[in-house]
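Here's the structure, in structure tokens; my notes come after.
The structure presented is a predicted model; accordingly, all values stated were derived computationally and were not measured.
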Amino acid sequence: MDPTPIDRFAPIFVAGHRGLVGFAVVRKLQSLGYANILLRTHSELDLTIQSAVDDFFGAHKPYYVILAAAKVGGIHANNTYPADFITINLQIQTNVITSAFKHNTKKLLFLGSSCIYPKFAPQPIPENSLLTGPLEPTNEWYAIAKISGIKMCQAFRLQHSFDAISAMPTNLYGPNDNFHPENSHVLPALLRRFHEAKVNNVAEVVVWGSGKPLREFLHVDDLADAVVFLMENYSWLEHVNVGSGKEVSIKELAELVKDVVDYKGEIVWDSSKPDGTPRKLMDSSKLAAIGWKAKVSLKEGLKDTYKWYLENVVNQQ
């Protein structure tokens with residue numbers, strides 16, 4: 001399939017522009033000279049209200065849509081609010097995809113999550129692992145909503161030839177990440193913990209588990225680059241994995257964060273705490289075969305993220 005460059009003057013709606021992914025996508029589009037980016041905060045446009053979404057699409061006729069809006073959270077939030085996680089995400093997806101088709105959007109990209117795959121999927125996880133086994137119970141409500149989004153894009157493509165595609169990113173990090181002390185993911189949590197230990201002259205940082213599990217991380221600017229690449233180069237039924245293809249142990253990650261933060265104390269591993277899944281790696285070979293690969297190294301990405309954290313979290317406290 002020949003590449004089809006995006007019209008940089010056509011209206012492009014980035015849903016969820018205040019989140020980690022949407023924030024990066026907007027930065028990428030702006031850097032490429034896109035002149036007509038449509039943005040709405042939740043207070044300006046509640047994506048769970050069908051009539052409001054339809055009115056917005058009717059008035060502004062987005063030519064392209066990048067659907068990065070979602071209700072997200074960790075294990076505790078998923079377990080506490082399962083009805084919210086499945087309902088709100090289904091509402092957002094259904095309203096945006098339906099209105100995009102109805103109002104003649106040329107192309108839509110739906111962003112999901114690696115949690116769509118079965119708990120015991122083969123490693124690295126290929127796209128065809130979807131729906132081959134039980135999900136991880138702690139986030140199945142969110143996962144089922146995201147799977148529904150993929151299937152909805154496929155259904156509109158099959159029935160109406162609507163150019164709706166789906167991308168499933170691996171573990172993301174970068175500017176605008178969530179650094180909340182209880183609710184953040186492993187990488188921003190480690191950055192915050194080592195920074196606070198450094199400024200408070202704490203002699204050691206305790207990290208849960210053995211440090212042996214392997215994880216894959218992708219800088220969110222790489223994902224934003226992949227989003228634009230897919231909008232221009234991909235138009236098929238199956239969703240696409242987006243990952244760095246590189247694994248790092250939690251132990252190596254902690255040492256790298258310690259180095260980036262310039263923390264001089266010791267790391268103590270609390271092996272009484274659970275490790276979680278031993279390995280979680282996406283098979284991104286399909287995307288690589290089309291011609292895209294990640295560019296930001298983990299160390300450079302961590303430096304960039306730590307700089308943003310200092311400027312936008314620490315300095316705002």
Side-chain angles (χ1 to χ4, degrees), residues 20-21 72 74-75 78 110-151 154 165-174 184-190 207-220 222-223 226-227 229-230 234 236-257 269 271 273-299 301-302:
L20 174 64
V21 174
V72 298
I75 291 172
N78 271 269
F110 170 71
L111 281 155
S113 161
S114 60
C115 73
I116 62 166
Y117 292 115
K119 182 175 183 177
F120 300 109
Q123 300 288 330
I125 308 171
E127 284 90 352
N128 63 11
S129 293
L130 184 66
L131 297 175
T132 59
L135 298 165
E136 163 57 48
T138 56
N139 60 12
E140 65 176 328
W141 318 107
Y142 179 73
I144 286 171
K146 287 296 180 181
I147 292 168
S148 298
I150 295 170
K151 291 300 176 184
Q154 292 176 344
I165 61 174
S166 301
M168 300 300 117
T170 188
N171 299 310
L172 299 169
Y173 72 100
S184 57
H185 291 118
V186 61
L187 200 151
L190 286 174
V207 184
W208 281 21
S210 66
K212 293 178 182 177
L214 297 169
R215 292 292 181 269
E216 176 187 28
F217 295 96
L218 182 72
H219 193 282
V220 74
D222 270 335
L223 175 61
V227 163
F229 178 87
L230 287 166
Y234 187 80
W236 284 288
L237 187 68
E238 192 178 42
H239 63 281
V240 185
N241 288 342
V242 185
S244 64
K246 296 179 180 178
E247 291 178 290
V248 61
S249 72
I250 298 299
K251 185 176 188 300
E252 291 170 316
L253 179 66
E255 295 286 354
L256 201 53
V257 171
W269 295 94
S271 55
K273 296 294 192 297
D275 266 340
T277 306
R279 187 186 188 203
K280 192 177 180 185
L281 175 66
M282 303 271 271
D283 179 353
S284 299
S285 58
K286 184 165 80 170
L287 182 55
I290 304 168
W292 185 89
K293 64 178 182 179
K295 301 176 184 69
V296 182
S297 72
L298 184 56
K299 184 159 188 177
L302 282 172

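The environment of CH2 in Trp292 is crowded: more than 12 heavy-atom neighbours from other residues, nucleotides or ligands sit within 6.0 Å. Heavy-atom neighbours of Lys286 NZ from other residues, nucleotides or ligands within 6.0 Å: above the threshold of 12. The local environment of CH2 in Trp269 is crowded, with over 12 non-hydrogen atoms from other residues, nucleotides or ligands closer than 6.0 Å. By the neighbour-count criterion of 12 heavy atoms within 6.0 Å, atom NZ of Lys295 is densely surrounded, having more than that number from other residues, nucleotides or ligands. Within a 6.0 Å sphere centred on NZ of Lys273, heavy atoms belonging to other residues, nucleotides or ligands number more than 12.
Listed here is the closest heavy atom pair of Cys115 and Ala143: O-CB, 3.3 Å. Ile125 and Lys280 make their closest contact through CD1-CG, 4.4 Å (heavy atoms, listed as atom of the first residue, atom of the second, distance). Considering all non-hydrogen atoms of both residues, Pro169 and Ala167 come closest at CD-O, 3.4 Å. Of all the heavy atoms in Val242 and Ala226, the pair that sits closest is CG1-CB, 3.7 Å.
Here the side chain of Asp222 pairs no donor or acceptor atom with the backbone of Ala294 at under 3.5 angstrom. In this structure a side-chain-to-backbone donor-acceptor pair under 3.5 Å is present from Gln154 to Leu237. In terms of modelled atom types and a separation under 3.5 Å, the side chain of Asp275 and the main chain of Lys212 share no donor-acceptor contact. Asn241 places a side-chain N or O within donor-acceptor distance of the main-chain N or O of Asp283, the cut-off being under 3.5 Å. No donor-acceptor pair under 3.5 Å is formed between the side chain of Glu127 and the backbone N or O of Val240. Without hydrogens or angle criteria, Gln123 side chain to Arg279 main chain gives a donor-acceptor distance under 3.5 Å.
Taking OG1 of Thr170 as the reference point, atom CZ of Arg215 lies at 9.5 Å (rounded to 0.5 Å). Rounded to the nearest 0.5 angstrom, Lys146 NZ and Leu135 CG are separated by 14.5 Å. Note that NZ of Lys246 and OG of Ser297 are 7.5 Å apart. Values are rounded to the nearest 0.5 Å. The structure places CD of Glu238 at 6.5 Å from CG of Asn128, a figure rounded to the nearest 0.5 Å.
Within the 4.5 Å cutoff, the side chain of Leu287 has no heavy atoms near those of the Tyr234 side chain. The shortest side-chain heavy-atom distance between Glu216 and Ser244 falls under the 4.5 Å cut-off. Two residues are said to be in side-chain contact when any heavy atoms from C-beta on lie closer than 4.5 Å; Leu214 and Leu281 fail this criterion. Using a 4.5 Å heavy-atom cutoff, the side chains of Met168 and Ile150 are in contact. When side chains are defined from C-beta on, Leu298 counts as touching Tyr173, because their heavy atoms get closer than 4.5 Å. Side-chain contact between Leu111 and Val227: present, with at least one pair of heavy atoms (C-beta onward) separated by less than 4.5 Å. Counting only heavy atoms from C-beta outward, the side chains of Ile147 and Ile116 approach each other to under 4.5 Å. A 4.5 Å side-chain heavy-atom check between Val186 and Trp208 finds every atom pair outside the cut-off.
Partner of Leu190 under the side-chain contact (heavy atoms from CB on, under 4.5 Å) criterion, chosen from Val257, Leu302, Leu256: Val257.
Under the 30°/60° scheme for interplanar angles, the aromatic rings of Tyr117 and His239 are found to be tilted.
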